[in-house]
Amino acid sequence: MKFILHVWRQAGPKAQGAFSVYEATGISGDMSFLEMMDVVNESLIEHGEQPVAFDHDCREGICGACGMMINGIAHGPMRATATCQLFMRHFEDGDTIYVEPWRARAFPVIKDLVVDRSAFDRVIAAGGYITAATGGARDANNILVAKTDADDAMDAAACIGCGACVAACPNGSASLFAGAKVTHLGVLPQGQAERRQRVLRMIAQMDEEGFGGCTWHGECHEACPKAISLDVISRMNADYLRALWAMRDEKQEQGAG
Amino acid sequence: MSTALDARIPGGPIAEKWNRHKFEMKLVNPANKRKHTVLVVGSGLAGASAAASLAELGYQVKCFCFQDSPRRAHSIAAQGGINAAKNYQNDGDSIYRLFYDTVKGGDFRSREANVFRLAETSLNIIDQCVAQGVPFAREYGGLLANRSFGGAQVSRTFYARGQTGQQLLLGAYQALERQVGLGRLRMYPRTEMLDLVVIDGRARGIVVRDLVTGAVASHAADVVVLATGGYGNVFYLSTNAKGSNCTAIWRAYKRGAGFANPCYTQIHPTCIPQSGDHQSKLTLMSESLRNDGRVWVPKKKGDARPPNQIPEAERDYYLERKYPSFGNLSPRDIASRAAKEVCDEGRGVGPGGRGVYLDFADAIKRLGVETIRERYGNLFEMYERITAENPYTVPMRIYPAVHYTMGGLWVDYNLMSTVPGLHVAGEANFSDHGANRLGASALMQGLADGYFVIPYTVGDYIGSAKLERADESHPAFRDAERGVAERTARLLAIDGTRTVDSFHRELGKVMWDYCGMARNEKGLTYALGRIPEIRAEFWTNVDVPGSADELNQALEKAGRVADFLELGELICRDALERRESCGAHFREEYQTPDGEALRDDEHFAHVAVWQYRGEDRTPERLQEPLEFENVHLSQRSYK
């Protein structure tokens with residue numbers, strides 16, 4: 001197969017970017033999108049040009065490193081599929097394909113298709129955990145978790161942190177990402193002690209990083225390679241309100257403002 | 001002549017060694033811990049858990065990873081599960097049995113004391129992970145669920161759907177990020193270690209390259225912990241992530257750390273077969289699938305009929321036939337070799353005849369589609385996405401692929417290498433799996449090392465060594481930085497005609513053909529001649545575009561492949577010198593009449609440890625003799 005690629009090239013964070021047009025030839029339907037990009041890069045190097053920089057690692061759809069806007073859609077046209085798991089058999093021979101980096105205020109471009117997603121790490125560092133210092137944990141079966149709760153936690157915990165939700169959102173919101181973590185930890189008995197402060201801190205950090213608010217477009221869910229449900233955002237919002245309310249009570253009791 | 005290495009195994013009965021050792025180890029007073037810096041390179045299960053635990057204890061910790069976030073380390077891709085001797089199923093499991101299974105599974109080429117400790121700490125790992133909120137699979141009553149895995153006859157594997165590695169890593173990552181948030185740990189993502197700095201015979205720091213700006217910098221410390229994973233990518237095609245590399249451990253080797261058993265490379269039996277030359281990596285299908293899937297090929301050679309038209313009587317369920325007591329759950333090395341054998345006979349299926357069926361039809365009939373979907377849904381989806389075939393209706397096609405490396409830097413009982421102050425954890429060390437790793441044991445080892453061994457033994461080292469303060473102004477750091485910069489400049493200046501990938505592919509093919517599932521003297525000798533030729537061409541004809549002071553992925557790859565081109569030779573040398581078959585190391589010259597691995601305990605019941613002696617000299621082969629006081633050496637049988 002053969003494709004015409006319009007690829008976003010940008011030399012550095014401050015440089016002006018533009019589309020370059022490349023022809024990808026000799027592509028088989030069994031190649032992943034990234035393997036097609038490998039072919040393009042090999043030929044660019046052979047022609048004395050700089051290859052296109054893009055993040056990737058496991059190529060199994062689990063590490064969350066890869067991600068491209070493909071024809072304006074985060075991770076391309078297949079639902080619940082990361083870029084590395086998108087195979088060229090889903091395109092028509094001769095298609096023109098536009099390839100761009102994630103575009104969001106909180107994810108500045110580093111080079112070509114590579115963006116800085118460290119804001120996600122800082123959101124987790126702010127509260128996306130259960131405090132359990134190593135050692136001294138009680139026997140695992142002393143904590144009963146209803147199967148349905150464990151399943152709900154796992155559904156949310158499946159998030160791979162790729163950032164497609166942010167890239168797809170017209171507001172550049174990270175609500176699906178943060179909501180997934182709030183839900184994962186919040187439905188488990190182990191996560192109750194820090195439930196309030198977790199949601200407050202994570203949301204404060206999201207604001208600080210420049211992510212937008214959620215206005216229920218639902219694009220994040222459509223783009224999510226793990227099809228994380230919008231329910232996690234509802235849950236985060238409910239937890240947030242509850243936490244704010246509880247804080248108000250506590251302040252009144254302490255008589256402090 | 002060979003020198004024996006001392007593993008510093010504590011005395012006493014095996015079940016008491018670790019407890020006694022914990023008591024005997026030196027402690028560092030809490031107020032003093034913050035005066036000591038520990039560098040952790042790698043942020044997978046071993047690295048993240050070690051970094052988080054050490055920071056909790058109060059050490060100054062810096063953690064480095066080449067990925068853009070510590071959460072992406074390749075532990076994330078582990079699917080099936082993690083073993084622990086909890087005996088929650090009341091099916092006869094115990095610490096001793098897990099210990100025994102692991103020593104036997106490793107074909108009696110691992111160190112008993114380490115394996116026992118691993119089995120012991122497996123209990124704490126599950127407790128720790130549950131406390132962190134790892135969403136393990138549960139029964140309806142709320143208790144933890146288990147499944148069985150290859151090489152074991154008990155159900156001791158804990159799992160989180162087919163994403164166990166992801167969930168365990170996220171647990172460790174969250175613990176790590178918590179320490180980052182508290183200001184006790186500094187994380188350096190997109191940073192690659194390019195040299196180890198040794199001062200007065202002790203590891204005192206590392207030199208790194210910032211992969212975004214290209215800046216080369218030094219970090220001094222009291223202890224360096226390498227947790228940088230395995231080197232399976234020396235084969236080019238493997239189930240490893242594209243970035244997985246040997247550079248950190250190879251740099252350490254060249255600075256004096258012994259490299260143990262490099263030839264022990266695990267070929268995993270259940271991977272999706274290669275579809276063409278464009279292939280950039282291979283994808284594993286979890287071994288857990290063998291709980292319910294049945295492996296078979298047609299009895300007839302070259303049988304081109306679709307699988308559903310081949311009647312039961314004309315199918316050969318070869319694992320069930322050859323190994324009736326373990327059947328489809330035979331250990332990885334055995335299942336892989338058996339697959340190769342039937343394909344070599346011309347009975348393989350799929351394009352090129354390099355594949356066997358993994359069939360779920362019986363399991364679906366017995367349990368229903370829903371149960372199978374619940375157990376393996378995400379794996380089936382992944383399979384269908386890659387192959388465009390539906391495994392609910394058509395049997396999967398699988399073939400062995402390089403997956404894990406049991407070899408790695410040699411470490412003593414304290415997980416310290418032959419360079420004092422350099423500790424090595426997880427897949428990067430050689431310690432616990434002998435010549436073959438059992439399924440669901442890599443996650444166990446990574447977390448045992450990181451949560452429960454390193455925090456103690458690093459303290460013992462700091463407490464007993466009288467360390468002078470070292471800082472980055474020491475000339476050894478300048479020298480190392482200069483070396484790194486010069487090597488980078490050299491790679492960029494070659495300006496040849498071939499891409500890095502083309503060399504990597506060529507090396508991988510030599511490794512796979514001559515040092516893969518079956519090895520022999522002739523092939524290994526050929527590879528030992530061929531690899532230096534490829535390496536010589538690489539250093540005169542590779543084309544690395546771009547410059548040193550920018551994000552340059554071709555340059556990163558070039559540095560890693562240059563190291564693989566050296567390591568590949570060492571792997572072949574080790575495979576040639578080990579004149580026996582054991583576990584994953586199968587030398588065709590040494591086999592039983594029915595084709596099983598034939599060990600030579602008289603001459604090879606030892607760890608081979610390679611010591612670097614300089615650019616143009618053959619490395620020295622040292623030995624650590626292995627003594628088996630608890631598990632009797634016997635021919636491994638799964639029949």
Side-chain angles (χ1 to χ4, degrees), chain A residues 12 28 30-31 34-35 38-39 42 45-46 48-51 53 55-65 81 85 87 89 110-111 114 116-118 120-121 124-126 128-134 137-141 143-147 150 153-154 157-158 161 184-185 188 190-191, chain B residues 52-53 56 67-69 71-72 74 76-77 86 88 126-128 130-133 135-144 160-161 163 166-167 170 174-175 177-178 180-181 187 189 212 241-243 275-276 278-281 283 382 385-386 388 451 455 499 501 543 545-546 550-551 553-554:
Chain A
S28 110
D30 288 331
M31 287 184 190
L34 299 187
E35 283 168 344
D38 290 342
V39 172
E42 287 284 286
I45 295 172
E46 276 157 13
E49 287 181 59
Q50 287 256 1
D55 270 324
H56 66 98
D57 203 19
C58 79
R59 299 201 175 191
E60 296 182 12
I62 191 78
C63 76
T81 301
Q85 293 294 293
F87 283 78
R89 65 178 81 97
I110 294 175
K111 183 178 180 179
V114 176
D116 179 357
R117 289 169 289 193
S118 54
F120 271 6
D121 291 329
I124 295 297
Y129 49 75
I130 289 172
T131 296
T134 306
R138 59 180 159 156
D139 187 85
N141 256 352
I143 304 171
L144 293 183
V145 181
K147 186 174 183 304
M154 184 62 222
H184 159 207
L185 301 177
L188 293 172
Q190 306 93 296
Chain B
S53 304
E56 283 162 7
Q67 298 91 344
D68 72 317
S69 161
R71 67 177 291 151
R72 309 210 197 280
H74 194 53
I76 200 130
K86 283 286 196 185
Y88 283 160
I126 302 304
D127 299 343
Q128 180 64 32
V130 166
Q132 291 170 342
F136 283 122
R138 300 272 170 173
E139 306 290 354
Y140 279 99
L143 297 172
L144 287 153
R161 294 196 191 139
Q163 292 126 281
Q166 179 197 30
Q167 294 310 314
L170 292 180
Q174 285 159 204
E177 287 296 341
R178 177 171 159 259
V180 171
M187 187 68 220
V212 175
K242 291 298 284 176
S275 70
H278 60 269
Q279 193 115 4
S280 63
K281 76 151 299 174
T283 302
M382 193 189 225
R385 209 167 268 152
I386 293 171
Y451 283 132
T499 63
D501 275 356
D543 180 9
E550 60 176 336
L551 175 70
Q553 292 172 325

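Side-chain atoms are counted along with the backbone in the values below, which use heavy atoms only and exclude waters and symmetry mates. Within every chain, numbering begins at 1; the chains are lettered A, B, ... in the order of the sequence lines, protein sequences first and strands thereafter.
Minimum interatomic distance between A:Phe87 and B:Arg385 (heavy atoms only, all atoms of both residues): CD1-O, 3.4 Å. Nearest heavy-atom pair, B:Glu177 versus A:Asp121, reported as atom, atom and distance to 0.1 Å: OE1-O, 3.5 Å. Across all non-hydrogen atoms, the minimal contact from B:Asp543 to A:Ile45 is OD2-O, 3.4 Å.
Side-chain atoms of A:Asp57 do not come within 3.5 Å of backbone N or O of B:Gln67 as any donor-acceptor pair. Looking only at distances, a side-chain donor or acceptor of B:Tyr88 sits under 3.5 Å from a matching main-chain atom of A:Asn141. Without hydrogens or angle criteria, B:Arg72 side chain to A:Gly161 main chain gives a donor-acceptor distance under 3.5 Å. Side-chain N or O atoms of A:Lys111 include one that pairs as donor or acceptor with a backbone N or O of B:Leu551 at under 3.5 Å. The main-chain N or O of A:Ala137 is never found under 3.5 Å from a side-chain atom of B:Gln128 such that the two would form a donor-acceptor pair. In this structure a side-chain-to-backbone donor-acceptor pair under 3.5 Å is missing from B:Gln174 to A:Ile124. Between the side chain of B:Gln132 and the main chain of A:Ala132, no donor-acceptor pair closer than 3.5 Å is present. Side-chain N or O atoms of B:Lys281 include one that pairs as donor or acceptor with a backbone N or O of A:Cys58 at under 3.5 Å.
Between the side chains of A:Arg59 and B:Ser280, at least one donor-acceptor pair of N or O atoms lies under 3.5 Å. The closest side-chain donor-acceptor pair between B:Thr499 and A:Glu42 falls under 3.5 angstrom. In the model, A:Thr134 has a side-chain atom that pairs as donor or acceptor with a side-chain atom of B:Glu56 under 3.5 Å.
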Exercise for the section: Assess whether side-chain hydrogen bond (donor to acceptor under 3.5 Å, both in side chains) is satisfied between B:Ser69 and A:Arg117, documenting all intermediate values. Expected result: CA-CA 8 Å; B:Ser69 161; A:Arg117 289 169 289 193; over 6 Å; no
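For B:Gln279, the parts lying under 4.5 angstrom from a heavy atom of chain A are both the backbone and the side chain.
Judged as a ring pair (Phe, Tyr, Trp, His ring centres under 6.0 Å), and not counting sequence neighbours, B:His74 has no contacts.
Of the listed residues (B:Leu144, B:Leu170, B:Val212, B:Ile126), the one with the most heavy-atom contacts under 4.5 Å to chain A is B:Leu144.
A:Glu60 CD to B:Met382 CE: the interatomic distance, rounded to the nearest 0.5 Å, is 4.5 Å.
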